[in-house]
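Heads up: numbering here begins at 1 and tracks the sequence.
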Amino acid sequence: MKHITLILTLLMVATTAVARTRTTQAQLKNNSQLVEQIPDACVPDSLLRDLEPNAVTLKGYSKKASDSRESFFVTNNTNHRISHIRLLMRYSQMNGEMLHERTATVEVDLKPHETRLVAIKTFDLQRLFYYYAGPKPRKAATPFKVAFRLTGYDIPVGR
């Protein structure tokens, strides 16, 4: 009788066992690609200064349709500390048609060759767009590309 009870118990456990639930996200992508720079010919002369365009690089740009902020990594490629980076940001549809252009000031303090993650308020107030290289949203949204041009930065004195 003990053997039958044991066998029945094992059968009940085996038949009621639920399939394992996966809690990890499948197919994560590393989005550390460089953000495209706006060529000199497409920037007004008033914004072109004696700045080395490669003094700062942006990579890993991220903006989901539901996000109120855009985030990206900023790297200081100079040999001195910089802060308050000013960028001309140009947002365009996948066919190249421009959606929006703005100047953004990024509050950051970077040592030479240092990289930091920063976030700025998004241009997309209605939350209708998502960055094309990020995850596709469940809701209806339009993909976009972004390009930037360094227009200025501060060199802090002291410290």
Side-chain angles (χ1 to χ4, degrees), residues 20-159:
R20 182 176 152 229
T21 303
R22 296 194 72 143
T23 58
T24 56
Q25 191 174 14
Q27 299 174 348
L28 290 176
K29 293 191 289 185
N30 180 1
N31 185 14
S32 61
Q33 67 186 41
L34 287 173
V35 176
E36 180 182 330
Q37 286 197 20
I38 301 172
D40 287 350
C42 300
V43 178
D45 290 338
S46 62
L47 293 177
L48 291 176
R49 297 195 173 98
D50 294 332
L51 289 173
E52 175 62 36
N54 296 323
V56 169
T57 52
L58 272 56
K59 63 182 174 183
Y61 182 91
S62 176
K63 196 273 184 209
K64 298 177 192 168
S66 60
D67 289 346
S68 62
R69 302 188 69 73
E70 304 168 21
S71 61
F72 46 89
F73 289 96
V74 178
T75 302
N76 175 3
N77 298 321
T78 70
N79 291 322
H80 49 270
R81 212 167 91 229
I82 63 174
S83 67
H84 297 91
I85 299 165
R86 289 173 297 286
L87 304 169
L88 175 66
M89 308 277 294
R90 184 172 292 160
Y91 306 90
S92 60
Q93 293 184 25
M94 299 309 289
N95 63 6
E97 183 179 337
M98 189 169 70
L99 293 168
H100 186 70
E101 185 176 270
R102 69 173 175 158
T103 301
T105 300
V106 180
E107 305 286 334
V108 67
D109 187 8
L110 290 170
K111 295 175 185 169
H113 309 289
E114 185 178 46
T115 300
R116 289 243 175 109
L117 177 65
V118 297
I120 59 175
K121 189 174 179 179
T122 186
F123 79 100
D124 180 22
L125 299 178
Q126 295 177 329
R127 299 180 184 165
L128 299 174
F129 298 94
Y130 70 97
Y131 186 56
Y132 80 101
K136 188 172 179 177
R138 293 179 187 170
K139 72 176 197 171
T142 304
F144 72 92
K145 289 185 174 186
V146 64
F148 83 100
R149 175 64 185 218
L150 179 66
T151 59
Y153 58 82
D154 295 339
I155 300 174
V157 179
R159 282 199 241 164

Do R116 and V74 make a side-chain contact, defined as non-hydrogen atoms from C-beta onward lying under 4.5 Å apart? no

Closest non-hydrogen atom pair, H113 against N77: CE1-O, 3.7 Å

Kindly give the heavy-atom pair with the smallest separation between K64 and D67, and that separation in Å. N-OD2, 2.9 Å

Least distance between heavy atoms, F129 atom then K63 atom: O-NZ, 2.8 Å

Y130 and A65 have their tightest heavy-atom pair at CB-N, 3.6 Å

Can you confirm whether H100 sits close enough to F144 that some side-chain heavy atom of one is under 4.5 Å from a side-chain heavy atom of the other? no

For the backbone of D124 and the side chain of T122, can you confirm whether one donor and one acceptor N or O come within less than 3.5 Å of each other? yes

With a 4.5 Å cut-off on side-chain heavy atoms, are R102 and I120 touching? yes

Over 12 foreign heavy atoms within 6.0 Å of NZ, K139: yes

Check against ring pair (Phe, Tyr, Trp, His ring centres under 6.0 Å), Y131 and F72: CA-CA 12 Å; Y131 186 56; F72 46 89; over 10 Å; no

Less than 4.5 Å apart, any side-chain heavy atom of N54 and any of Q37? yes

Find out whether K59 and Q33 are in side-chain contact, i.e. whether some heavy atom of one side chain is under 4.5 Å from a heavy atom of the other. no

Could you check M89 against E101 for side-chain contact (heavy atoms from CB on, under 4.5 Å), going step by step and ending with a plain yes or no? CA-CA 6 Å; M89 308 277 294; E101 185 176 270; over 6 Å; no

Non-hydrogen atoms of F73 and G60 that approach each other most closely: CD1-CA, 4.3 Å

Check whether more than 12 heavy atoms from other residues, nucleotides or ligands sit under 6.0 Å from atom CZ of F123, and answer yes or no. yes

Identified side chain to side chain contact (heavy atoms under 4.5 Å, CB included) partner of L110 from the options T115, I85, T78: I85

Listed by chain and number, what are the side chain to side chain contact (heavy atoms under 4.5 Å, CB included) partners of S92, not counting sequence neighbours? K145

What pair of heavy atoms forms the shortest contact from E114 to D109, and how long is it? OE1-O, 3.8 Å

Could you tell me whether the side chain of T151 and the main chain of R86 form a donor-acceptor pair under 3.5 Å? yes

Kindly write out the residues that satisfy ring-ring contact (aromatic ring centres under 6.0 Å, His included) with H84, not counting sequence neighbours, or none if the list is empty. none

Could you go through I82 and V56, starting from their C-alpha distance and side-chain angles, then the distance that decides it, and tell me whether this counts as side-chain contact (heavy atoms from CB on, under 4.5 Å)? CA-CA 10 Å; I82 63 174; V56 169; 3.7 Å; yes

side-chain contact (heavy atoms from CB on, under 4.5 Å) for L58 and V146? Distances and angles first, verdict last. CA-CA 11 Å; L58 272 56; V146 64; over 6 Å; no

